[in-house]
Amino acid sequence: MSNTRCRIAPSPSGFLHIGTAKTALYNWLFAKKTGGVFILRLEDTDAERTDEQYVHGMCEGFRWLGIEWDEGPEFGGVPEKGAYGPYRQSQRRELYRAEALRLLDEGKAYKCFCTKEEIDAFRKDRPHDRFMSPWRDAAPSKVAAMGDAPSAVRFKVPEGETVLHDVIQGEVRWNNREYDDFVILKPNGDPIFHLAVVVDDAHMKITHVIRGDDHLTNAARHVMLFEALGFPLPQYAHHPLVHDEQGRKLSKRMHGANVLDWRDDGYLPEAIINYIALLGWTSEEENREFFTLDELKDHFTLERLTKSAARFDRKKLDWLNGQHIRRLSVEDFRDRILPILEAQGFDVRARTPEWLTRVAEICQGKIPTLNQIVQQTDFFFRPVTPYEEAGVKKHFHMDGRLCLEAVLGVFASTDDWTSKTLHDAVQALADRMGTGLRKLVHPIRLALTGKTVGPGLFELAELLGKKTCLERIEDALAYIAALDEL
RNA sequence: GACCCCAUCGUCUAGUCUGGCCUAGGACACCAGCCUUUCACGCUGGCGACACGGGUUCAAAUCCCGUUGGGGUCGCCA
């Protein structure tokens, strides 16, 4: 057991973003790989933007992905876990205030009585300049004279240079002149993000901070605060952000930015995990791309993280999803498609588990996403009409009619209703007719399923049952007859 | 605007730190073919990149500088 402690610290002001999931995954993987601990901390200091519905959505998202936290807030009936709580920043206000006061006492921070209006006016006037508070070096008497007037606490950015030794970015240095004296405590006593993260990371004994590189320039502020507060610095690793297929930042509004969108669209959590892991990390095992969460855990290293931003590629995700679907056991696959079929109103409860397993079996190798099970199997659960138009044109003409009439006879006289027997019988019929099997298969498929594509015909016919097959062929013949009369 | 990060096939990437094994490898996508009762799957092959310009060196995708392009940050948001 190592003392590695990683965290994901989302702000519950929106759903679980795919980028947040990637960050969480990397932290989780590194913690697990090193035998450490993964912590979930809710950064809900901004009451205006925080919403319990988002808290729920995020936790649910992590759960769905299989990213479980060792320490974190109460969720779904499971009480708070961990010895460094509470794990919601809204419940840690006193701690931040105490640390801010300490900085104040030590002269590393100061009270700023400037009003928001004054600052806004300055920024509007000189948008590219940093704001210099006149209170930075105000005489104590002047400060005392202000009494209890509302004041924010600002961190007194020291002279000099701040250096970050980032695990991914290498050495990054900034002249402290680039930073103005940022606020750490609002007049109402609420902490600002920078103070809260640093205090929490310190008090929660976080050893490694893996996060998006949108925080890279913030990291300088955090390093300065760590130094001022006298806490040991964690290791930082800033990874690049995920972009959309156009190379832009993944918009929060875009479908798919929310991790749970993918669940709803029929993607496996295993595939999402595998895919986002690959979006910025490669295995030391050359040319290997398929990983389960457990396998990732064994292979993951910070050293193999990529420095450049990656675009989200739906096609590759689809491929990976198909790979993961095919590696499921039939029973597992069956159990995952059942709720989808049920949601369609299909009466799956009327079927035996064995029958459902067989249906799953003949579809598992064909579909890239779980949701596509519907178009693959709907004819098992409801009548076939209307027939696919292009199929009718192609297969429901004179030839097709003759074929179906012959097949009807063959089917009617077949008692051993198995795909093997059916296949052999139709093959024999084709031989007798001096034609190819495919000539017969197409009209039969259209008659039985209403479609031109689908699972293997004889497997599907077996599962459909003799009675239904005969009825559907008769229906098709009637349909063709009606067509001919027009 | 300032500062910071990044830059290999359309996309994800290997190779860059520790120059030569790189006439740059793999995967997705795309194209062709094979398999085949359809669609898929699978298999085989094809297409396809070191952003640009300077240097350093016997030798540069790899090191240095510049340019360009992309991204990020500059809140009493996180």
Side-chain angles (χ1 to χ4, degrees), chain A residues 9-14 43-46 48-50 89 112 114-116 119-120 123 127-131 150-154 164 166 168-170 172-175 177-180 182-188 190-194 196-197 212-221 238 240-241 243 245 247-249 275 278-284 286-290 306-320 322-323 326 363-368 372 375-376 391 423 426-427 430 436-442 444-446 449 451-458:
Chain A
S11 153
S13 56
E43 309 226 321
D44 56 349
T45 52
D46 188 356
E48 298 213 344
R49 301 201 313 164
T50 297
Q89 291 189 330
C112 172
C114 294
T115 64
K116 200 159 188 325
I119 297 166
D120 286 348
R123 292 227 163 86
H128 299 309
D129 289 341
R130 67 194 186 107
F131 176 71
S151 67
V153 177
R154 283 181 187 275
L164 174 71
D166 192 275
I168 298 169
Q169 308 291 345
V172 186
R173 42 181 73 225
W174 297 269
N175 190 318
R177 276 198 299 259
E178 300 299 332
Y179 295 89
D180 55 14
F182 50 97
V183 171
I184 54 177
L185 212 61
K186 299 187 207 176
N188 70 3
D190 282 347
I192 282 302
F193 164 69
H194 304 297
V197 211
D213 70 7
D214 48 337
H215 283 302
L216 187 57
T217 43
N218 283 335
R221 294 191 178 87
H238 289 91
L241 265 22
H243 291 164
E245 314 214 32
R248 306 191 164 280
K249 194 172 173 176
Y275 183 64
L278 257 27
L279 237 35
W281 174 84
T282 48
S283 170
E284 78 292 344
E286 187 104 16
N287 299 336
R288 173 163 177 197
E289 301 201 292
F290 183 91
T306 301
K307 291 184 92 174
S308 55
R311 292 189 193 199
F312 198 93
D313 182 11
R314 172 68 174 273
K315 292 267 182 62
K316 183 138 188 180
L317 206 209
D318 284 352
W319 172 77
L320 257 182
Q323 297 293 314
R326 270 165 237 130
C363 297
Q364 187 172 7
K366 309 175 79 75
I367 56 175
Q372 292 185 31
Q375 64 227 53
Q376 205 71 206
H423 174 273
V426 175
Q427 180 68 62
L437 185 61
R438 50 163 55 86
K439 184 94 175 167
L440 297 177
V441 161
H442 293 300
I444 304 174
R445 173 183 298 285
L446 189 60
T449 71
K451 297 163 194 271
T452 56
V453 303
L457 178 66
F458 301 106

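Predicted model, so just to flag it, every value in this text is computed and none were measured. All values below come from the heavy atoms of this structure, side chains included, with hydrogens, waters and symmetry mates left out. Naming convention: chains lettered A, B, ... in sequence-line order (proteins, then strands); numbering from 1 in each chain.
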query: Say you pick atom P in B:G53 and the same atom in B:A61; how far apart are they, in whole Å?
result: 13 Å
- line: Checking B:U37, B:C77, B:U73 against the side chain of A:Arg49 (C-beta onward), the nearest is B:C77
- prompt: So, is A:Lys315 close to the B:G10 phosphate, meaning a side-chain N or O under 4.0 Å from OP1 or OP2?
  reply: no
query: Does A:Thr282 put a side-chain nitrogen or oxygen below 4.0 Å from OP1 or OP2 of B:C12?
result: no
task: Check every strand shown and say whether A:Thr115 touches a base, only sugar-phosphate, or nothing at a heavy-atom separation below 4.0 Å.
output: base
- prompt: How many Å lie between CG on A:Asp214 and P on B:G75, as a whole number?
  reply: 16 Å
task: Answer yes or no: is there a side-chain heavy-atom contact under 4.5 Å between A:His442 and A:Thr452?
output: no
task: Would you kindly give the CZ-to-P distance between A:Phe312 and B:U11, to the nearest whole Å?
output: 16 Å
field: For atom CD of A:Glu245 and atom P of B:A29, their distance in whole Å
entry: 13 Å
- prompt: Considering only B:U37, B:C4, B:A29, which nucleotide approaches the side chain of A:Trp319 most closely?
  reply: B:A29
message: For a quick check of understanding: with a heavy-atom distance under 4.0 Å over all strands, which category does A:Leu317 fall into, base, sugar-phosphate or nothing?
response: nothing
- prompt: Are OP1 or OP2 of B:C76 and a side-chain N or O of A:Lys116 less than 4.0 angstrom apart?
  reply: no
message: Suppose we call a contact any N or O donor and acceptor under 3.5 Å apart; does that hold for the side chain of A:Lys316 and the base of B:A27?
response: yes
statement: With A:His238 as partner, the option from A:Asp166, A:Asn218, A:Asp214 fulfilling side-chain hydrogen bond (donor to acceptor under 3.5 Å, both in side chains) is A:Asp166
query: Among B:C12, B:A78, B:U38, which is the nearest nucleotide to the side chain of A:Arg311?
result: B:C12
query: Base, sugar-phosphate, or nothing: which does A:Cys112 touch, judged by heavy atoms less than 4.0 Å apart?
result: nothing
- request: Check every strand shown and say whether A:Gly456 touches a base, only sugar-phosphate, or nothing at a heavy-atom separation below 4.0 Å.
  value: base
task: For nucleotides B:G75 and B:G70, find the distance between their P atoms and express it as a whole number of Å.
output: 24 Å
- line: Of B:C76, B:U38, B:A78, the nucleotide closest to the side chain of A:His215 is B:A78
statement: Whichever of A:Thr452 and A:Gln323 has the more 5' nearest nucleotide on RNA chain B, that residue is A:Thr452
task: Would you mind reading off the distance between A:His194 atom NE2 and B:U73 atom P, rounded to a whole angstrom?
output: 11 Å
message: What's the closest nucleotide to the side chain of A:Trp174 if the choices are B:C4, B:C12, B:G26?
response: B:C4
message: Counting only side-chain heavy atoms from C-beta out, which of B:G71, B:C12, B:A78 sits nearest to A:Arg248?
response: B:G71
field: Heavy-atom donor-acceptor pair, A:Arg130 side chain to A:Arg177 backbone, under 3.5 Å
entry: yes
- request: Return the minimal non-hydrogen interatomic distance between A:Val197 and A:Glu43, and the atom names on each side.
  value: CG1-OE2, 4.2 Å
query: Taking the side chain of A:Arg326 as its heavy atoms from C-beta onward, which of B:C76, B:G42, B:C4 lies nearest to it?
result: B:G42
- line: Comparing A:Phe458 with A:Asn188, nearest RNA chain B nucleotide closer to 5' gives the residue A:Phe458
message: Just verifying a value: how many Å separate A:Lys366 NZ and A:Arg326 CZ, rounded to the nearest 0.5 Å?
response: 10.5 Å
- prompt: Hey, does A:Ser13 reach any base, or is it just sugar-phosphate, or nothing, if we go heavy atoms under 4.0 Å?
  reply: nothing
field: From B:C76, B:G72, B:G25, nucleotide with atom closest to A:Thr217 side chain
entry: B:G72
field: Whole-angstrom distance between B:C65 and B:U18, as gauged at atom P
entry: 15 Å
- prompt: Under 4.0 angstrom, heavy atoms only, what part of the nucleic acid is A:Lys439 near: base, sugar-phosphate, or nothing?
  reply: nothing
task: Determine the interatomic distance between P on B:C28 and the same-named atom on B:A40; round to the nearest Å.
output: 16 Å
query: Does A:Arg438 put a side-chain nitrogen or oxygen below 4.0 Å from OP1 or OP2 of B:U38?
result: yes
- prompt: Counting any heavy atom closer than 4.0 Å, what does A:Asn218 reach on the DNA or RNA strands: base, sugar-phosphate only, or nothing?
  reply: base
- prompt: A:Tyr275 has an atom OH; how far is it from atom C1' of B:U13, in whole Å?
  reply: 11 Å
- request: Tell which nucleotide pairs with B:G42, taking only Watson-Crick or G-U wobble pairs whose two distances are both under 3.5 angstrom.
  value: B:C34
- request: Write down the distance separating the P atoms in B:A51 and B:C4, rounded off to the nearest Å.
  value: 23 Å
query: Which heavy atom of A:Asp44 sits nearest a heavy atom of A:Gln89, and at what distance?
result: OD1-N, 3.1 Å
query: Is A:Pro455 touching bases, backbone alone, or none of the nucleic acid, heavy atoms closer than 4.0 Å?
result: base
field: Base paired to B:C3 (Watson-Crick or G-U; both N/O distances under 3.5 angstrom)
entry: B:G72
query: B:G75 P sits how many Å from A:Asp120 CG, rounded?
result: 11 Å
message: If you compare every side-chain N and O of A:Arg123 against the phosphate oxygens of B:G75 (OP1, OP2), does one of them come in below 4.0 Å?
response: yes
message: Can you identify which nucleotide, out of B:U38, B:A27, B:U73, has its nearest atom closest to the A:Glu289 side chain?
response: B:A27
query: Mind checking the C1' distance from B:A14 to B:G54? Whole angstroms is fine.
result: 28 Å
message: In whole Å, measure the gap between the C1' atoms of B:G55 and B:A60 for me.
response: 12 Å
query: What nucleic acid atoms does A:Pro187 come within less than 4.0 Å of, heavy atoms only: base, sugar-phosphate, or nothing?
result: base
Complement of B:A61, any strand, by Watson-Crick or G-U distances under 3.5 angstrom: none
task: Look at the side chain of A:Lys366 against the base of B:C41 and say whether a donor-acceptor pair falls under 3.5 Å; ignore hydrogens and angles.
output: no
field: Side-chain (A:Lys451) to main-chain (A:Gln375) donor-acceptor, under 3.5 angstrom
entry: yes
- prompt: Hey, does A:Val426 have a side-chain heavy atom less than 4.5 Å from the side chain of A:Phe458?
  reply: yes
- line: Shortest non-hydrogen pair, A:Leu278 vs A:Leu320, comes out as CD2-CD1, 4.1 Å
- request: Identify the heavy atoms of A:Asp213 and A:Pro240 that sit nearest to each other, and give their distance.
  value: OD2-CA, 3.4 Å
query: What nucleic acid atoms does A:His442 come within less than 4.0 Å of, heavy atoms only: base, sugar-phosphate, or nothing?
result: sugar-phosphate
message: Checking contacts here: which listed nucleotide (B:G72, B:C76, B:G10) is nearest the side-chain heavy atoms of A:Asp313?
response: B:G10
- prompt: Using a cut-off of 4.0 Å on non-hydrogen atoms, how would the nucleic acid contact of A:Leu457 be classed: base, sugar-phosphate, or nothing?
  reply: base
message: Rounded to whole Å, please give me the gap between CG in A:Asp318 and C1' in B:A40.
response: 13 Å
query: B:C76 P sits how many Å from A:Glu48 CD, rounded?
result: 15 Å
field: Nearest-angstrom distance, P atom, B:G19 to B:C63
entry: 9 Å
